[in-house]
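First up is the structure itself, then whatever we jot down about it.
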Amino acid sequence: MPRRFPLSLSIERLFHWWRRIQSVMEKYDPQTIEAKWQKVWADELSFHVPNPSPEELAAHRDRTYVVEMLPYPSGDLHMGHTLNYTIGDVITHVRRRKGMQVLRPMGYDAFGLPAENAAIKEGAHPRVVTERNIASIRKQMHRMGWAIDWGREISTHQPEYYRWTQWLFLRFFERGLAYRKEAPVKWCPNDQTVLANEQVVDGRCERCGAEVEAKSLTQWFFRITDYADALLDEMDLLEDWPDRVLTMQRNWIGRSQGARVVFRVEGSGEQLPVFTTRPDTLFGATFFVLAPEHSLVSSLVAGSEHEAEVLDYVRRTAARSEVEREEKEKDGVFTGRFAVNPVNGEAIPIWVADYVLMGYGTGAIMAVPAHDERDHAFAERYGIEIRQVVGSSAVDVAEAGAFVSHSADEVLVNSGDFSGLSSPDGKVAITASLAAEGLGEEAIAYRLRDWLLSRQRYWGCPIPIIHCEKCGEVPVPDDQLPVVLPEIDDYVPKGRSPLAAAEDWVATTCPKCGGSARRETDTMDTFVDSSWYFIRYTDPHDDRLPFDREIADYWLPVNQYIGGIEHAVLHLLYARFFTKVMNELGLVGFREPFARLFNQGMLTAGGAKMSKSKGNVINPLEFVERYGADTVRLYTLFMGPADEDMDWQDTGLEGIWRFLNRLWRVAHEQAATPVAKLAEADPGDGELARKTHRTIAKVTDDIERRFYFHTPIAAVMELVNEIQRHPEDPAVRFATETAVSLIQPYAPHVAEELWGVLSAGGTRLWETRWPEADPALLAVAEVEVVVQVNGKLRDRLHVAAGTGKDELLAAVLASERVQAHLDGHEIRKTIVVPDRLVNFVV
RNA sequence: GCCGAAGUGGCGGAACUGGCAGACGCGCCGGACUCAAAAUCCGGUUCCCGAAAGGGAGUGUGGGUUCGAUUCCCACCUUCGGCACCA
C-alpha cells in the first residue's frame, strides 16, 4: 500500500497532510483566543457604562444594576469567587444583550481583619500585602473575562474612599446614631480586638475561631437597635430575597412581645424591672434572679453575711468564657434579700445567677419554675417552690418538668382574680391591671444589640473624632477629612490600637477650643466600609460628596445583588441599616439597598469546606491554564443549582472541555460548508428549527425568571447534540449560530470567536441582540402521546400536535398493545390530556 | 429545644402547573479509527426476571387524596443550615 511507503506522494497523501494541517490550525486553543478578546474588550472599554446625562436622568431608561459582593483582598481568588462573579457575568451579558443599560462594577473590601491578618502572617505591611493582592485579583478577574466596568473600580482602603466613610460616620454621630459608651463587649484574645455580636458564632470569633471573652470597655456603637422595627417591617419592600436570609435576620433581631413588670426590693423599695413574655404566669413567680453584672448586686448585699459569697460568684462568672458559661450546669447564690411581686405583694428571694444575661431585657427576671425550663432546673437544684399557674391540673409540674405548652385552651389557675382566664387573655388582663397601678406596661424586647464598630486594630478606617478634655468628643471638621491612617512600623495587634503609638498623629488640637487634644485611635469595623460601597460605585470619583444623590437614585436600589449566605446577618443587615439612615439624612431616596438578592451555594472539595488548613482549596487559575477561562466558567455553573452547595469534581471539567471542542468543530464545519448547500438562509420549520426555538425559550426563561444557570447549559448541549445528528437539516446553520449565541454569557471568548467564524461579517456577539424565540415554532409538530391502562404505561403513539380528542382516542384504541391490555375488560373511565396522554381505567 | 431547607441511578443533577422518572454531564461497558496510544466518533448504561419480545419494582420510610403523585396532605427517619440560658 502506498500509505505504508513514506516517500509516496500520492494525491491522497497530500490531501491527508492538508487536512492534518487544517485540523491543527483549527484546534480550539483557549489561551490564544481568550487573550485576543480580552484585549479587544480592554482596549475598547467594551463594558464601560457612563452615568446618565441630565436628560437621561429625566427620561428613565431601561437600566439595571447588578452587584456582586466585593472580595476581601486577603489572597487570590478562589472557586467561590469564580462562581459568584460568573453568575453576575451571565446576568450582565443577557441583560446587556436584551438592550438594557447594565451597571456592573467591582471593588475591593481592603480594610479589616481578613486582609490585615493575611499581612501579619506574611510579616509585611498590610498596605503592601493588600495592594499586591488587589493587583493579583484584578489580573485574575481580567483573565476570567468578566464584563466589568473597570472605570468604577474602588478600594475601601484608599483615602479617596474612606474620606467618605468618615464623612458618613460624622453624619451618624451628629444624629446620635454613633455613640461611645462603656458596655459589656466580646473580646477576641487572638485578634486582640473587640467584636460585634454578629461576628461571634457559637461563642467564638467568626474569623479565627478563638473563644471570645467578656469585657467591659468603652467602645463606639451604631444605634442599629433604633432600626429594629424598620429592619423587620421594611422586609416588605424587598422584591425577592431568599426566605432563609429573611428568617435569619428575623431570628437575629429577635423581636419578642411581652411586658415590663416592676418588682421592688423589700426594705429599700428600690425598683427592679423585668421583661417577660409571660405576664400571665406572674402568680407563679417563686424567686427572682439578677444577672451577675447587674448594677444593683453589690449594693444589695453590701455589709450582709451573703456579701462575700455573692461577690465571689460574680468574680468567677466574669472569669468564664461565653462558651463555659453556657455549657456548665445552672447555678447561683442567694443574696439574702427579697423582691415584692406587684400582683400579690408576695416577697420572693432574690438570687444572682449567670443564666440571666445582662444584655437582654433588663438583666433581671422573675423566675416561674412551673412554666420555664431553665427556672425549673434552677428551682429543683436549690429546692425552691414550683407553683403551677397555667394549664390543667392533670400535669404535675413538680414531677414532669416545666409546663411550657402554648395551646389555646390553657387556663390560668392559682392566679387570684385572674384564675379561669385563658392564657392569652390573662396576659392582657394582668398587664392592664399592672399598668393601671403604674407597676408595668406592654413592652417589646429585641435580641439585636447595637453594632459595636470600633476595633483595636491598625488596618482600618480611622474614626474621625478628637478627644478634648474640655469639649469631650469633637468631630473632625468635614474640610479636614480624610483623617489619614498614619504610617507606623509596629502594626501588630496588642490589645490597644496600634495607632496609639503614633504620638505625632495622636497629639492634635481641639477643633472647637483650640486646646491640646488627642485623636481617637480605634479604627472602624470592615463592615462599615462595605455598608455603602454599592452606592459609591455609581459616582466613584466624586470629591465633593460620597455620591451624587440623583445618580444614586437613578441606579439604586440594586436590581440584583449576588453573594454568599455567610453575610446574612452581617453585611446584609448593616447595609440595610446604613441605607435607612442615609435615606433619613436625605442622601438617598430609597429605603432598601438591594431589591433582589441571590445567595450562591458554598463550593466544597471532597465534601469538605475549602480551607487552607485542610489543603483542599481549588485554585481557579490552575484550571484556567489547563482548559481556559471559558471551560472553568461554564463548569462552575454546570455543577448544579447555583444556590445550593456544590462539590468540585475535576473530572466534570473534562465534560465541559469536550463540549466546547464539539461546539468548536460543529461551528467550523458549518463555516466550511458552502453557503449554497445551506438552502440559503431559511431554516424552515422542521424539528431542528423548532428545537432551536425551544432552546432559546428555555435558556432565557431559566436565567431570567428561575435563576437556574445549570439547565441552560444542558439545553445548549442538547441542541448541539441534535445539530450533530442532523448535519443536513436546513436549520443547521441557524441552530449552530443560536447555540453559540446562547452560550456567550457563559463562555464569551469562544462564543465570540465562533461567531466571527460563522458570520464572517465582523459583527460582535457581545453587542448582538439576545435571540428571541418565535412562539409559533415553540411547539413540536408531532407529539408522542402516552397511553396508560390503569395508570401503567402501555404504549406510545406519534400524532400531529393538536390532534382532537375523538381522533386521538380512535388512534389509541387501534393500538394492538393497548387492546391486549384492555383484553375485553369494560372501560370504566377514560382520561384524555390532549398532546400528552390517554389513560383507560378498567 | 425552636425555625428553615433538602433526601431521585455508581456520581453531579433534570423533571417549573399532579400526566413518559432519570434530560444534560461524569463514570463505566462494548465497538469504530490507529502498528499502538491519546484524541475523536458510534452504541449501551435505574434495579430484578428474560436470549429477545416482554414483564415486574422503583424518587428516604409508612400511610392518605387521585384515573394518575418525585410533585399535594399526614406521620416518621436522616442530613444540612440558622437561632438558642433571649426570660
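Within every chain, numbering begins at 1; the chains are lettered A, B, ... in the order of the sequence lines, protein sequences first and strands thereafter.
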Take atom [atom1] in [N] and the same atom in [M], then report the distance between them in whole Å.
| N | M | atom1 | answer |
| --- | --- | --- | --- |
| B:rC20 | B:rG31 | P | 36 Å |
| B:rG62 | B:rC77 | P | 15 Å |
| B:rC26 | B:rG18 | P | 33 Å |
| B:rA21 | B:rU71 | C1' | 11 Å |

[X] vs [N]: side-chain N/O to OP1/OP2 distance below 4.0 Å:
| X | N | answer |
| --- | --- | --- |
| A:K691 | B:rA23 | no |
| A:R794 | B:rG68 | no |
| A:K330 | B:rC85 | no |
| A:T711 | B:rA23 | no |
| A:R706 | B:rA15 | yes |
| A:R836 | B:rG18 | no |
| A:N251 | B:rG81 | no |
| A:R658 | B:rC41 | no |

> Within the side chain of A:N790, is there an N or O that forms a donor-acceptor pair under 3.5 Å with the backbone of A:K792?
Replying inline: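 Flag not set: sc A:N790 to bb A:K792 has no pair under 3.5 Å.
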> Checking A:D702 side chain against A:T711 main chain: does a donor-acceptor pair fall under 3.5 Å?
Replying inline: no
> Salt bridge between A:K691 and A:E722, side-chain N to carboxylate O under 4.0 Å?
Replying inline: no
Between [N] ([atom2]) and [X] ([atom1]): distance, integer Å:
| X | N | atom1 | atom2 | value |
| --- | --- | --- | --- | --- |
| A:N197 | B:rC83 | CG | C1' | 14 Å |
| A:R817 | B:rC20 | CZ | P | 18 Å |
| A:W252 | B:rC3 | CH2 | P | 20 Å |
| A:Y746 | B:rG25 | OH | P | 15 Å |
| A:D650 | B:rG27 | CG | P | 12 Å |
| A:L573 | B:rC83 | CG | P | 12 Å |

Pairing partner (Watson-Crick or G-U wobble, both distances under 3.5 angstrom) of [N]:
| N | result |
| --- | --- |
| B:rA57 | B:rU46 |
| B:rA69 | none |
| B:rA38 | none |

> side-chain hydrogen bond (donor to acceptor under 3.5 Å, both in side chains) between A:D647 and A:Q649: does it pass, once the steps are laid out?
Replying inline: CA-CA 6 Å; A:D647 199 60; A:Q649 310 270 341; 3.2 Å; yes
>> Using O4'-C1'-N9-C4 for purines and O4'-C1'-N1-C2 for pyrimidines, with syn meaning within 90° of 0, is B:rG30 syn or anti?
In response: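 Anti conformation here, the glycosidic angle of B:rG30 being more than 90° from 0.
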> How far apart are the C-alpha atoms of A:D331 and A:Y355, what are their side-chain angles, what is the distance that settles it, and do they pass the side-chain hydrogen bond (donor to acceptor under 3.5 Å, both in side chains) test?
Replying inline: CA-CA 8 Å; A:D331 60 13; A:Y355 79 93; over 6 Å; no
>> By the 4.0 Å heavy-atom rule, please label A:R662 as base, sugar-phosphate, or nothing.
In response: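 A:R662: backbone/sugar contact only, no base atoms under 4.0 Å.
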> Start at the 5' end of RNA chain B and walk down; is the nucleotide closest to A:Y355 or to A:H710 reached first?
Replying inline: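 Closer to the 5' end of RNA chain B: A:H710.
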>> What I want to check is whether an N or O donor and acceptor connect the side chain of A:R250 with the base of B:rC3 at under 3.5 Å.
In response: no
> Centroid-to-centroid, A:F287 to A:F378, below 6.0 Å?
Replying inline: yes
